[in-house]
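To keep things clear, I will list the structure first and then write my remarks on it.
Counting convention: from 1, in listed order, for ligands and their atoms alike.
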Amino acid sequence: MKFFIDTANVDAIRRAHERGMVDGVTTNPTLVAREGRDFRELVEEIASFVKGPISLEVVSEDADGMIREARELNSWIDNAAIKVPMTWEGLKAVRVLSQEGIQTNVTLCFSANQALLAAKAGATFVSPFIGRLDDVGHTGMQLVADVVQIFANYDFDTEVIVASIRHPLHVYEAAMIGADIATIPPAVLDKMVNHPLTDVGIRRFLADWEKVRAASGK
Ligand code: E4P
């Protein structure tokens, strides 16, 4: 399972990268706005140490505008994946971009049929938004299960990025389903390593090791 980091914060990406947990990065306009920095500079800084796909989102609403923006974003770095919204215009743009060999990530996916359309358009990635579905009373993870099954049925190459992850249980469930990728907010990644029994175990081993040292007189 690949782990992408769901943030535009360079310090957080670097921390996860140093822990060996960054196979890629996803950003969106909201995450970029939070950083209050020049977009291109920010992207180039992330790409200076992240070699996996870095998702950068277009903001045009028509296919021609999306394609223009995508080509520009793709020229900034070697490993861009262009995030395109799940609309007919977005799908038209995805078809053209995939024929040009530009990686695409169809975002704001909330149904299995939307994911199917993205795969047929030739998307590199599709991003079902789990947390936002949970927020409105649906079972977000069921969508992931459905999309993984559909893509397996027809051997689509499009990879599933589980997005809008809110807590470690989402990552666990995505992994049980066999999703290709989870894009994980830094705070959720931090929590994944924790278990109270690990902490208790370390304290107990260290205390017992003190007894070994005392017995050997060192
Ligand atoms: C990533 O590609 C998405 O933009 C992100 O996971 C959305 O997360 P949110 O629903 O918490 O804003």
Fill in: Ion pair check, E72 and R68, cut-off under 4.0 Å
no

Worksheet entry | K51 atom NZ, neighbour heavy-atom count above 12 within 6.0 Å | yes

Worksheet item: Does H138 have any ring pair (Phe, Tyr, Trp, His ring centres under 6.0 Å) partners at least two apart in sequence or in another chain, and if so, which?
Response: none

Worksheet item: Where do K92 and D62 land on the salt bridge (charged side-chain N to carboxylate O under 4.0 Å, His left out) test, with the steps shown first?
Response: CA-CA 9 Å; K92 272 155 60 183; D62 63 296; over 6 Å; no

Discussion item. As a test of reading the model: which residues have a non-hydrogen atom less than 4.0 Å away from ligand 1?
Written reply: D6, T26, N28, K83, F129, R132, A163, S164, R166

Discussion item. I need the I161 CD1 to S55 OG distance, nearest 0.5 Å.
Written reply: 5.0 Å

Fill in: Under 3.5 Å side-chain donor-acceptor pair for T183 and T26
yes

